[in-house]
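Keep in mind that the numbers below use all heavy atoms, side chains included, and drop hydrogens, waters and symmetry copies. Each chain gets a letter, A, B and so on, in the order its sequence line appears, and its residues count up from 1. Every value quoted in this text rests on a predicted model; they were computed, and no experiment measured them.
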Protein chains: 2
Amino acid sequence: MARPARVSADRILTAAATEFAERGFDGARVDRIARRARVNKAMLYYHFGSKERLYRALLHGMFTNAAERLRTIAAEPIAAAEKIDRAIVGLAQVIREHPILPAIMMREVADGGRHLDAETLQALGGVPRAFGTIVEEGVARGEFRPIDPVFAYFSVLPPLLFFLAAAPIRRQVADLHVMDLKALGADAFIRELQQAVRRTLAPPSSARRRPTS
Amino acid sequence: MARPARVSADRILTAAATEFAERGFDGARVDRIARRARVNKAMLYYHFGSKERLYRALLHGMFTNAAERLRTIAAEPIAAAEKIDRAIVGLAQVIREHPILPAIMMREVADGGRHLDAETLQALGGVPRAFGTIVEEGVARGEFRPIDPVFAYFSVLPPLLFFLAAAPIRRQVADLHVMDLKALGADAFIRELQQAVRRTLAPPSSARRRPTS
DNA sequence: GTCTATACTTCGATAGAC
DNA sequence: GTCTATCGAAGTATAGAC
């Protein structure tokens, strides 16, 4: 009663993730995905129907995963600032599990969501939504200064995505001796980001209220 | 003694900017670029030789432009924090002049610089380099806390690029009523970013020294 | 410098046997 | 579910006349 079908489909998704991340939707080659998955190209169409539907299935999964993790963090009974710290780490973890997510998100943003359907866009929207919930809660409790949740989101996620996605091009630029770009590692970057965001969100008076009730 | 050649080449560059920004290198169609430029496709090859060389010429120009503007700001006799403010506005201006720059940079980062040659990478490196100069100066003068210039760069440029490039997809997500993403405009975003970066860079003691000498 | 016509290649997708 | 073979569309690039 083995189910080789699922195995194939999963291998295809994994291979597709790499290919789409490295090349983008238009640059990705169905043949390469099939070869990487050690699967016949016809199988790919048998399972997913088209290049575009494969792409959407992949992104929908990743977006849902990321949003779900943020919602879990948002629901924990801890201070809002602590939630933000964990949200940053959580997003970094999602990226570690899907190292191709930054490149894919950046491309999709640049594409204006051309290849996405309503369902996948909805899943994508869950990410800023969950993040915004945390920020709004912190503001309501007086733990954060009044700040636009959308701005907060766009001051956290882009640096994370950009820094992690830019590793290859950073290496290329660094090799030309234009600048020393190698020193800063991913973990150090995450810690710096947490610190910077805390400063950005901190209320005017440093008197931090404890969220007790 | 008119020089229609230059005119064609410029029109091609303008059209290419739009096409590459909207579709990426692989998604861009040489036919569409030619049509948008109201130029015969053969003319495009006459002037630029290939799709890739056209792409590089375009990016090299934009990167040089952005780096040059930052270097000018870095050389002004003003406080470092003021330079950062102006750098943010300056980058926003470059983007306003080349509205396609965010999408192109994000794609190129995701591509790992695959389509760039050494010369263009060098021009790209000038941007973080000039920005880093300002940060290092501020740190040396005690106007900023000790901070990694690379981190500072990656906490400023990505939000700017991302927010501006994400306008189309944000509209799509907003239309699904997932979240109210419409309220925050570009100008407000830039002001918030300036404020956030000031907080990130501010030295531990709020005693701000005036850079008089 | 400009245009038409087309060569050459690549790629997404499918037909049809097993 | 899996494979081979191939179709047809689309795309980059060029040849060659003007």
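Closest approach of A66(B) and V127(B) over heavy atoms only: CB-CG2, 4.1 Å.
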Every protein N/O lying under 3.5 Å from an N/O of nucleotides 14-16 of chain D:
none

Distances under 3.5 Å only, N/O to N/O: pair up the protein atoms with those of nucleotides 7-11 of chain C.
residue, atom, partner, partner atom, Å
dC11(C), OP1, R29(A), NE, 2.6
dC11(C), O5', R29(A), NE, 3.3

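Under a cutoff of 6.0 Å and an axis angle of 45°, R170(B) and F154(A) form a cation-pi pair.
Atom NE2 in H47(A) sits roughly 9 Å away from atom C1' in dT2(D) (whole-Å rounding). The OH-C1' distance, from Y46(B) to dA17(D), rounds to 16 Å in whole Å. Here the C1' atom of nucleotide dA13(C) and the CZ atom of R53(A) are 12 Å apart, to the nearest Å. Y55(A) has its OH atom 15 Å from the P atom of dA13(C), to the nearest Å. Atom CZ of F48(A) and atom P of dG12(C) are 16 Å apart (whole Å). Atom CG of D10(B) is separated from atom P of dG1(C) by 12 Å (rounded to the nearest Å). In this entry the distance linking CE of M43(B) with C1' of dA17(D) reads 16 Å, nearest Å. Between the CG atom of L54(B) and the C1' atom of dG11(D) there is a distance of 15 Å, rounded to whole Å.
Without hydrogens or angle criteria, R29(A) side chain to A34(A) main chain gives no donor-acceptor distance under 3.5 Å. When atom types are taken as modelled, the side chain of R145(B) and the backbone of T200(B) share a donor-acceptor pair closer than 3.5 angstrom.
Qualifying salt bridge (charged side-chain N to carboxylate O under 4.0 Å, His left out) partners for E119(B), counting only residues two or more places apart in sequence or in other chains: none. In this structure E19(A) satisfies the salt bridge (charged side-chain N to carboxylate O under 4.0 Å, His left out) test together with R32(A), R36(A), sequence neighbours excluded. Taking R71(B) as the reference, E68(B) meet the salt bridge (charged side-chain N to carboxylate O under 4.0 Å, His left out) condition, with sequence neighbours excluded. In this view, K51(A) satisfies the salt bridge (charged side-chain N to carboxylate O under 4.0 Å, His left out) rule with no residue, not counting sequence neighbours.
Dashed line: the shortest gap from a side-chain N or O of S50(B) to OP1 or OP2 of dT12(D) is not under 4.0 Å.
The number of heavy atoms from other shown groups lying within 6.0 Å of CZ (R129(B)) does not exceed 12.
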